Amino acid sequence: MHKQQIGLIDCNNFFVSCERLFRPDLERVPVVVLSSNDGCVVARSKEIKDIGIPMGVPYFQIKDILRKAKAVVFSGHIALYRDISRRVFEVVRQEVDTMEQYSIDEAFFFIPADADPQAYIAHIKDTVEQQIGIPISIGVAASKTQAKYASTIAKKTRGLHICDEAQWESLVSEIKVEQIWGVGAGLARKCKQHGIVSVADLLQLDTSRVDAVFGVVGRWLQSELAGVITSPVESKRLLQKSLMNSRSFSKTTQDIAILADAAAYHTRQIAAELRSMGAACTLLRVSIRTSRHGDFFLRGGSKEVVFQAPTADTFELINTAETLMQELYEAGVPYQKVGVQVGGIILQSDKPATLFADTRPDTKALLQAMDVLNISAGRELLTIGSRLRTDAWKAKSETRSPAYTTRWKELAIVSA
DNA sequence: TCTGGGGTCCTAGGACCC
DNA sequence: TCTGGGGTCCTAGGACCC
């Protein structure tokens, strides 16, 4: 009987692979996908990685290089990627006992004790690639954190890698802490200060020192790296904890009317999303930010309000967001981004009765009718709380691909 | 000129209470 | 007149991830 192993599925160059699904002619052609506002590179094909373009680099800095490389550039189209992601992991879910989707392109799963791991993961890979057409890699090891590292080896080899105990032990002295999932710039700096360079160094540190220096995060990391499953594979809760909507402006603004308009827009999006989930929230947070580059980078912040009763009412949420915006706003500061976030999400059916009579007007029917219209239009036909007719802060997308799978009019013709 | 958006989790510090 | 210390909750911010 051997120890339980964990696998990590990772879609290769996911956003690029999604675009290629509908443009097979782009196979082996350098392709990048950009973030909203065409700000920076968020996905790169192998050809792009090979010419040394890093992840997250601002688009304007590499425009020329891309042109010379005859690269094809897409504006990010997240609704399409989400839809394809759903299809990929629907297939995976059929193949495994327990699956935990970790991000839009990754999921953990357990290898069954009685399975031959190599054959098991090879079958998953083949099935996904045949049925959906998105290439994937799979790494397997003793814990999530180890599996994550195994998947980086998988990507460099033939897409599958099983890292057993013996191999892991032979590797730990070569793996640098900053290569580990969960170790970012902050933790890496702290490790360096304490003379911890490799994973082996971290493993040798005694528990009380780990606690004192790194707190619970360090303790968690140490166990995971030692092959102890601290975080088992769990199918995610049905409901996420928070929902967020935010966007950078194409240019900064000091105008509170524009900021309030943006906040109202994000709030409407979230309220509609809550209603489509059949959920409500008990907390709303508004945040405003300046550019990270320049003199005002420390200005801005966030404020939140907790509701007495859960709500998904656009009117109530917008009123709250507006109040928070007024409190946050400082004249003369060039703001670049507005975000709205809700938390304490619960299903409406779980909604506890309040002790106090609900004196708010019943807006349910009106909001429902509005949702139906807006959803079928694929955009905001009817809005609440918008006083401006400005698109100053909205996204520009130069090269977005059509909404192949999410809007009927743009549906791709697929021949069997 | 132009540097993303959407999540989860942890923690520091203040308010408040006994 | 003396004016403590510990616990808990809340808020804001930050680290980290893809």
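Note on naming: letters A, B, ... go to the chains in the order of the sequence lines (proteins, then strands), and numbering restarts at 1 for each one. This one's a predicted model, so the numbers in the text were calculated from it and none came from an experiment.
Distances shorter than 4.0 Å separate none of the side-chain N or O atoms of A/Lys241 from OP1 or OP2 on B/dG7. When the side-chain nitrogen and oxygen atoms of A/Lys251 are compared with OP1 and OP2 of B/dT1, none of them lie within a distance under 4.0 Å. Close to B/dG5, at under 4.0 Å from its OP1 or OP2, lies a side-chain N or O of A/Lys337. An OP1 or OP2 oxygen of B/dT3 is reached within less than 4.0 angstrom by no side-chain nitrogen or oxygen of A/Ser248. Side-chain N/O atoms of A/Lys148 include one lying less than 4.0 angstrom from OP1 or OP2 on C/dC18.
No contact: A/Ile78 has no heavy atom under 4.0 Å from any strand. Residue contacts for A/Gln336: at a heavy-atom cut-off of 4.0 Å it reaches the sugar-phosphate backbone alone, with no base atom in range. Using a 4.0 Å heavy-atom criterion, one finds that A/Ile180 contacts the sugar-phosphate atoms exclusively. The residue A/Val57 sits apart from the nucleic acid: no heavy atom pair falls under 4.0 Å. Across all strands, A/Tyr102 comes closer than 4.0 Å only to sugar-phosphate atoms, never to a base (heavy-atom distances). Using a 4.0 Å heavy-atom criterion, one finds that A/Gly56 contacts no nucleic acid atom at all.
The CD atom of A/Glu234 sits 11 Å away from the P atom of B/dC9 (whole-angstrom rounding). Rounding to whole angstrom units, CD1 of residue A/Ile104 and C1' of C/dC17 are separated by 14 Å. If you measure from atom CH2 of A/Trp220 to atom C1' of B/dC10, you get 13 Å, rounded to the nearest angstrom. Atom CD in A/Glu106 sits about 13 Å away from atom C1' in C/dC16, given to the nearest Å. We find that CD1 of A/Ile62 is positioned 11 Å from C1' of B/dT3, with the value rounded to whole Å. Spacing between atom CZ of A/Phe14 and atom P of C/dC18 amounts to 15 Å, rounded to whole angstrom units. In this entry the distance linking CZ of A/Arg285 with P of C/dC10 reads 14 Å, nearest Å. If you take CD of A/Gln269 and P of B/dG7, they are 12 Å apart, rounded to a whole angstrom.
Summarising the local packing, CD of A/Gln167 is surrounded by more than 12 heavy atoms from other residues, nucleotides or ligands at distances under 6.0 Å. Heavy-atom contacts from other residues, nucleotides or ligands closer than 6.0 Å to NZ of A/Lys49 number more than 12.
Of the candidate nucleotides B/dG6, B/dG5, C/dG13, B/dG5 has the atom lying nearest to any side-chain atom of A/Asn37. In the set C/dA12, B/dC10, C/dC16, the nucleotide with an atom closest to the side chain of A/Glu304 is C/dA12. Which of B/dG7, B/dT8, B/dC2 sits closest to the side chain of A/Gln341 comes down to B/dT8. Among the nucleotides B/dC10, B/dC2, B/dG7, the one closest to any side-chain atom of A/Gln240 is B/dG7. When each of C/dA12, B/dT3, C/dC18 is scored by its nearest atom to the side-chain atoms of A/Phe60, the top-ranked nucleotide is B/dT3. Comparing C/dC17, C/dC16, B/dT3 by their closest approach to the side chain of A/Ala185 singles out C/dC16. Listed nucleotides: B/dG7, B/dG5, B/dT11. Nearest to the side chain of A/Met244: B/dG7. Here C/dG13 is the nucleotide among C/dG13, B/dT3, B/dT8 with the atom lying nearest to any side-chain atom of A/Ser302. The side chain of A/Ser242 lies closest to B/dT8, out of B/dG6, B/dT8, B/dC10.
As the counterpart of C/dA15, B/dT8 is assigned, both hydrogen-bonding distances of the Watson-Crick or G-U wobble pattern falling under 3.5 Å.
Taking the ring centroids of A/Tyr102 and A/Trp181, they lie under the 6.0 Å cut-off.
A residue-by-residue look at A/Arg289 and A/Val216 shows that A/Arg289 has its nearest nucleotide of DNA chain B further toward the 5' end. In terms of position on DNA chain B, the residue among A/Gln61 and A/Val217 whose nearest nucleotide sits closer to the 5' end is A/Gln61.
Comparing the C1' positions of B/dC2 and C/dC18 gives an interatomic distance of 24 Å, to the nearest angstrom.
In this structure, CZ on A/Arg20 lies 15.0 Å from CZ on A/Phe15, to the nearest 0.5 angstrom. Going from atom CG of A/Asp126 over to atom CD of A/Glu95 covers 10.0 Å, rounded to the nearest 0.5 Å.
Using bins of under 30°, 30° to 60° and over 60° for the plane-to-plane angle, the ring pair A/Tyr81/A/Phe14 lands in the perpendicular bin.
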**Asked** How far apart are the C-alpha atoms of A/Asp83 and A/Arg87, what are their side-chain angles, what is the distance that settles it, and do they pass the salt bridge (Lys or Arg N to Asp or Glu O under 4.0 Å) test?
**Response** CA-CA 7 Å; A/Asp83 192 54; A/Arg87 290 161 202 239; 2.8 Å; yes

